[in-house]
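Numbers restart at 1 for each chain; the letters A, B, ... are given by sequence-line order, proteins then strands. Quick caveat, the model's predicted, so the values are computed rather than measured.
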Amino acid sequence: MTEDALPKGYEPREVEQRWCEYWEKSRTFTSDPDGAGEPYSIVIPPPNVTGALHIGHALNITLQDVLCRFARQKGKKVLWVPGTDHAGIATQNVVERALALEGKGRHDLGREAFVERVWQWKKEFGGRILHQIKSLGASVDWTRERFTMDEGLSRAVRRVFVDLYRQGLIYRGKYIINWCTRCHTALADDEVEHSPKKGSLWHVRYHLVDGSGSLTIVTTRPETILGDTAVCVHPEDERYTAVIGKKAYVPIIKREVPIIADNYVDREFGTGVLKVTPAHDHNDWELGWRHNLDTIQVIDENGVMNGDAGPYKGLHKEACREAIIKDLEAADALVLTENIEHSVGHCYRCKSVVEPHVSTQWFVASTKLAPRARQAAPRLTKIWPESWLKTYYNWLDNIRDWCISRQIWWGHRIPAWTCQDCGELIVAMESPERCACGSDRLIQDEDVLDTWFSSALWPFSTLGWPEKTRELEGFYPTAVLVTGFDILFFWVARMMMMGLHFMEDVPFRDVYIHALVRDAEGRKMSKSTGNVIDPIEMIDKYGCDSLRFTLTAFAAMGRDIRLSEERIEGYRHFVNKVWNAARFALMNLPQTPPAPVNLPQVEGLHHQWILHRLETVKEETEAALASYRFNDMAQGLYRFLWNEFCDWYLEFIKPDMREEGFRKQAAQFVLWNVLREILILLHPVMPFVSAEIWQALPGGTGRDIALELFPPLRPACRKAEEASRMDFIQDIIVAVRTMRAELGISPAKKLTCILRPADAAQCALLEQNRQMIEVLARLEKLDIGQGGDIPKASASSVAQGCEVVVPLAGAVDLAAELARLDKELVKLGKELFAVQMKLANQSFMERAPATVVGRERERSQSLVDARIKLEALRQRFANAMEK
RNA sequence: GGGUGGUUAGCUCAGUUGGUGGAGCAUCGGCCUUACAAGCCGAGGGUCACAGGUUCGAGUCCUGUACCACCCACCA
């Protein structure tokens with residue numbers, strides 16, 4: 001291997017493509033359920049099959065990949081299941097939009113042809129998202145890829161539906177639901193987004209039937225007056241106690257309705273009188289149910305007034321509103337019009353205003369399934385960060401039955417048939433031949449299931465349920481679910497309910513909830529705002545590893561990530577640094593693995609130091625990942641690789657490499673080991689660059705770093721005390737560098753330096769590491785000794801009690817040095833003052849632990865010592881100036 | 001209305017048992033020092049939102065206030 005093995009610049013695009021192909025072809029990440037090792041499985045949160053990868057996916061997938069690659073390094077049997085979601089309404093909308101361009105609607109095609117068209121669309125675009133997952137370097141098992149509408153998963157869906165129906169946990173009923181008049185379907189409560197909107201509050205007079213006066217109600221939706229079946233006041237509202245039980249006329253249509261009383265009414269709001277329209281308002285529906293009111297539907301599923309709207313029949317609800325206001329005015333029933341802001345529900349898919357609508361729908365009795373899911377956390381499933389647990393509880397405690405039927409065509413059709421002759425409802429896995437009554441005129445329910453219904457089964461349906469598969473046996477429950485908090489309710493809680501009900505165990509041991517990625521200003525990224533950062537574009541520009549490292553480094557728990565392109569660009573520098581460190585290593589390593597030396601015994605403070613630091617980083621990496629502190633892991637590796645390995649260690653070994661013989665061999669062996677282990681540590685975050693370097697290093701030819709185990713710890717190299725001596729050497733070097741920089745001495749100029757150590761131990765240490773100091777501080781002469789004379793015109797400093805003196809020859813600004821020393825003395829004085837105040841504090845001395853007091857004493861002593869030395873040096877220098 | 005998170009260097013953020021406040025970027029100064037100018041060396045910059053409390057000691061724990069963000073519910 002020559003130094004040309006790695007090109008001068010890192011070219012991510014070519015490298016990434018090559019490794020992607022290799023990993024897929026070699027089936028590196030295909031898991032054997034019967035293989036060795038502790039099982040570790042993750043099911044990917046399935047992205048929308050027709051969607052495109054956004055930055056949130058990139059974060060989500062990166063974190064899972066870090067966990068999976070790390071688990072493999074720890075010798076676990078890892079399965080990461082990839083797949084996609086059919087995303088009912090979203091996908092149907094996309095295809096309908098495409099169809100609209102041809103001037104057609106779905107009804108022009110008919111159900112069968114339309115669904116066929118969506119499948120075609122899926123075939124055409126479904127590959128895109130999978131390809132994008134690949135380009136992120138995800139180490140998923142592609143042989144086990146699933147789709148929520150594939151044959152196996154469809155079977156699982158039908159089975160669950162049938163079982164729940166038979167257990168009475170799925171039922172059909174007439175109920176008020178959220179209706180999207182554009183998508184023509186029911187929406188679950190959490191599919192409705194509320195946002196504030198300007199509107200009017202109309203005060204409308206209702207005359208009492210007995211002619212004894214009138215009541216004024218307030219409404220934001222006058223068009224629903226036509227569906228009123230009651231007027232309601234608070235039972236304890238003294239203004240109205242007299243009218244309770246009487247009747248009132250609904251204006252315009254003059255329908256007689258009862259005046260009822262209910263605690264629900266807020267006496268403070270408006271006039272304290274409420275009109276009740278059970279068919280078109282959720283709360284009114286509840287009221288109607290409690291008070292046995294009629295339900296009169298006046299708006300149809302298109303948002304158009306129906307036959308019960310009398311004269312307004314055929315008008316769109318908006319037009320009807322205007323007409324009614326005019327008519328109320330004419331009838332002198334409109335008392336007042338107020339401008340208000342109130343919140344209005346919108347369809348989460350198409351953003352049109354959601355209409356409360358009464359219809360027959362299917363429901364899951366979530367109220368019965370929820371308690372078990374609640375109890376399971378945190379005992380069986382731990383949520384990270386823990387703060388989300390409360391939110392999880394809160395949702396489950398207030399859960400309502402889940403409306404699962406959707407009036408669209410793309411999805412799992414509800415496995416229920418109605419007999420046209422006897423009216424019997426048959427729920428079955430497969431299409432029944434005939435009814436018990438003998439009739440074969442069976443018609444399947446037109447509706448499909450909410451997308452989240454199949455998603456709720458994902459952790460076990462992807463593993464082969466209801467069959468008893470080896471995968472299910474070996475990999476359920478999964479190790480962890482990695483997801484954003486935005487689908488904690490939609491998805492996580494429902495998986496918990498379904499998993500516990502059908503598998504008798506939770507679907508995952510941990511739930512890690514990561515941040516939402518926002519733009520640099522903290523806004524949610526959206527196409528309409530135009531602030532999206534396209535991960536694929538970022539990979540193209542900066543390389544996948546840069547993107548992955550950025551996301552990992554910012555993935556602090558419980559916080560949103562404000563991402564900007566500059567950050568990714570910034571971390572590209574780190575990728576490059578790794579690359580260049582490797583190039584340096586290759587220039588200094590033999591072609592074959594270097595001859596081994598006994599690492600714990602290897603001579604050289606720098607070797608002992610870096611080996612010790614490496615052990616620390618290994619432990620910290622493990623600890624960080626064990627508690628999902630991805631950012632700590634990334635930061636730790638960043639610092640170690642850049643600020644310690646590159647900035648110091650590689651500089652330290654340069655002299656070693658110029659020698660021949662044992663000293664060079666030792667440096668080679670240590671360098672080779674440390675670099676290889678760093679690469680393994682980095683690999684979960686930066687799979688591509690680490691893989692590429694790995695196979696270029698001695699002993700790496702033809703090897704795949706993805707298969708390497710986490711480097712075993714070397715307790716014998718854990719020598720904190722010895723390694724801490726390196727601090728001293730570094731302080732000396734920095735002291736010289738600082739003087740040089742502050743006095744404007746060119747780095748090219750080699751200096752003389754006199755070191756006057758505080759004691760014999762320091763003296764020996766400096767002597768042993770003389771060459772390191774000379775090279776890194778750029779010295780031509782280094783005197784080490786406790787005695788000796790020092791030239792008066794010298795710059796000076798004190799590091800850990802050791803005097804560092806640089807004789808100033810030639811044209812040097814003497815005043816600058818004096819000012820520098822004074823500044824240093826002021827700083828020392830301040831620190832010393834603070835410490836001495838502490839030591840003078842009686843209660844501190846009495847109550848603080850002995851170790852803390854001891855530390856302060858020591859510190860005080862060394863500060864005093866430094867000040868004495870520095871003052872002496874300053875004095876000498878001042879004297880020199882006078883001459 | 002209920003809840004959660006945030007407020008630390010110019011910017012974006014770390015800061016896990018309370019014990020000398022950190023990083024990256026930006027700024028300033030100096031460097032082609034044969035791995036790397038996508039780099040190296042050095043420097044400046046903070047009453048840790050505010051007010052109390054606990055403690056010998058608080059960015060860290062407690063209470064309250066302000067502002068910001070988000071979630072849930074409701075808005076006739």
Open item on the list: Between A/E355 and A/R221, does any NZ, NE, NH1 or NH2 come within less than 4.0 Å of an OD or OE carboxylate oxygen?
Closed with: yes
TODO: Decide, yes or no, whether a salt bridge links A/R855 with A/E858 under the criterion of side-chain N to carboxylate O below 4.0 Å.
DONE: no
Open item on the list: Measuring to OP1 and OP2 of B/G42, would you say a side-chain N or O of A/R737 lies under 4.0 angstrom away?
Closed with: yes
From the set [options], return the single nucleotide nearest to any side-chain atom of [X].
| X | options | value |
| --- | --- | --- |
| A/E742 | B/G22, B/A14, B/G42 | B/G42 |
| A/P747 | B/C31, B/C56, B/C70 | B/C31 |
| A/Y264 | B/C74, B/A14, B/G19 | B/C74 |
| A/N631 | B/A14, B/A38, B/A35 | B/A14 |
| A/V852 | B/G29, B/G19, B/U20 | B/G19 |
| A/T738 | B/C36, B/C56, B/A43 | B/A43 |
| A/K390 | B/G3, B/C71, B/G44 | B/G3 |
| A/R567 | B/U12, B/U4, B/U55 | B/U12 |
| A/S387 | B/G5, B/G42, B/A37 | B/G5 |
| A/A848 | B/U33, B/G42, B/C56 | B/C56 |

- [ ] Answer yes or no: is there a donor N or O on one side and an acceptor on the other, between the side chain of A/N394 and the main chain of A/K390, under 3.5 Å?
- [x] no
Task: 5' precedence on RNA chain B between A/Y10 and A/S843 (nearest-nucleotide basis) - done: A/Y10
- [ ] Starting from the 5' end of RNA chain B, give me the residue, A/V734 or A/E566, whose nearest nucleotide shows up first.
- [x] A/E566
Task: Whole-angstrom distance between B/U54 and B/G64, as gauged at atom C1' - done: 15 Å
Open item on the list: Without decimals, in angstroms, what is the distance between A/E856 CD and B/G57 C1'?
Closed with: 10 Å
Task: Gap between atoms CG and C1', on A/L637 and B/G24 respectively (whole Å) - done: 16 Å
- [ ] Please evaluate the base of B/U55 for a donor-acceptor partner in the side chain of A/R847 within a cut-off of under 3.5 Å?
- [x] no
Open item on the list: Only Watson-Crick and G-U wobble pairs with both distances less than 3.5 Å should count. Give RNA chain B in dot-bracket notation, marking inter-strand partners with |.
Closed with: ((((((((.[[[[.)...(..]]]].(((((.......))))).....[[[[[..)....]]]]])))))))....
Open item on the list: Under 6.0 Å from the ring centre and within 45 degrees of the ring axis: does the NZ or CZ of A/R374 meet both conditions for the six-membered ring of A/Y392?
Closed with: no
- [ ] Could you tell me how the ring of A/Y628 sits relative to the ring of A/Y512: parallel (under 30°), tilted (30 to 60°) or perpendicular (over 60°)?
- [x] parallel
Open item on the list: Tell me which pairs pass salt bridge (charged side-chain N to carboxylate O under 4.0 Å, His left out) where either residue lies in residues 262-281 of chain A, with sequence neighbours left out.
Closed with: A/D228-A/K275, A/D262-A/R290
Open item on the list: For a quick check of understanding: with a heavy-atom distance under 4.0 Å over all strands, which category does A/D632 fall into, base, sugar-phosphate or nothing?
Closed with: base
Task: Any residue meeting ring-ring contact (aromatic ring centres under 6.0 Å, His included) with A/Y10, in chain and number order, not counting sequence neighbours - done: A/W579
